[in-house]
Amino acid sequence: MPVWLYEVQPQTAALIMVIFIESIAMIGLVLARRFLLPRLHYHDGANDAVSGTVQAIGVFYGITVGLIAVGVWNTNSNASELVSREAVAIG
């Protein structure tokens, strides 16, 4: 971390970082569209392959998030039971 960043107010530091990151992203986007896309020989048929891949990734992501939610709920329930049993034992 640059030392000068600690001496600036948090709102100003956040604004500087957002502007800096956004400007780098926009410059990269302009350069990619100008120099990279014309060399890729893009055609409309590529959307079909990408669509199937994105749908498969979405399904796996949804299953993963669901299983994580079930695991967290189960852990929370087990912890709640444990706390209740300890409270009864202390009482």
Side-chain angles (χ1 to χ4, degrees):
M1 260 321 197
V3 177
W4 62 268
L5 196 56
Y6 292 115
E7 298 170 358
V8 179
Q9 292 182 356
Q11 293 87 3
T12 308
L15 186 64
I16 290 170
M17 285 193 287
V18 167
I19 290 174
F20 179 71
I21 291 170
E22 287 295 322
S23 59
I24 288 176
M26 292 308 241
I27 290 169
L29 178 66
V30 168
L31 291 176
R33 284 184 178 231
R34 179 170 293 170
F35 298 114
L36 187 62
L37 285 181
R39 295 179 186 202
L40 291 179
H41 306 294
Y42 175 76
H43 55 87
D44 291 334
N47 286 339
D48 299 332
V50 172
S51 175
T53 305
V54 169
Q55 288 175 357
I57 291 171
V59 167
F60 288 129
Y61 177 76
I63 291 171
T64 304
V65 168
L67 290 174
I68 289 172
V70 168
V72 168
W73 182 268
N74 197 9
T75 302
N76 188 22
S77 297
N78 291 341
S80 177
E81 277 184 33
L82 181 65
V83 168
S84 296
R85 280 189 272 151
E86 286 182 4
V88 167
I90 290 173

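The chain is numbered in sequence order, starting from 1.
Cluster partners of V70 are absent, since no Ile, Leu, Val, Met, Phe, Trp or Tyr has side-chain heavy atoms less than 4.5 Å from it. Counting side-chain heavy-atom gaps under 4.5 Å among Ile, Leu, Val, Met, Phe, Trp and Tyr, W73 is found in no cluster with other residues.
Not counting sequence neighbours, the partners of I57 by the side-chain contact (heavy atoms from CB on, under 4.5 Å) test are T53.
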Distance-only criterion, 3.5 Å: show the donor-acceptor pairs between side-chain atoms of residues 11-31 and protein atoms not counting sequence neighbours.
{"residue": "S23", "atom": "OG", "partner": "I19", "partner atom": "O", "Å": "3.0"}
{"residue": "S23", "atom": "OG", "partner": "F20", "partner atom": "O", "Å": "2.8"}

Extract all donor-acceptor atom pairs below 3.5 Å that involve side chains of residues 82-91 and protein atoms in other chains or at least two apart in sequence.
{"residue": "S84", "atom": "OG", "partner": "S80", "partner atom": "O", "Å": "3.0"}

Identify every side-chain donor-acceptor pair in residues 58-66 under 3.5 Å, counting partners at least two apart or on other chains, and give the distances.
{"residue": "T64", "atom": "OG1", "partner": "F60", "partner atom": "O", "Å": "2.7"}

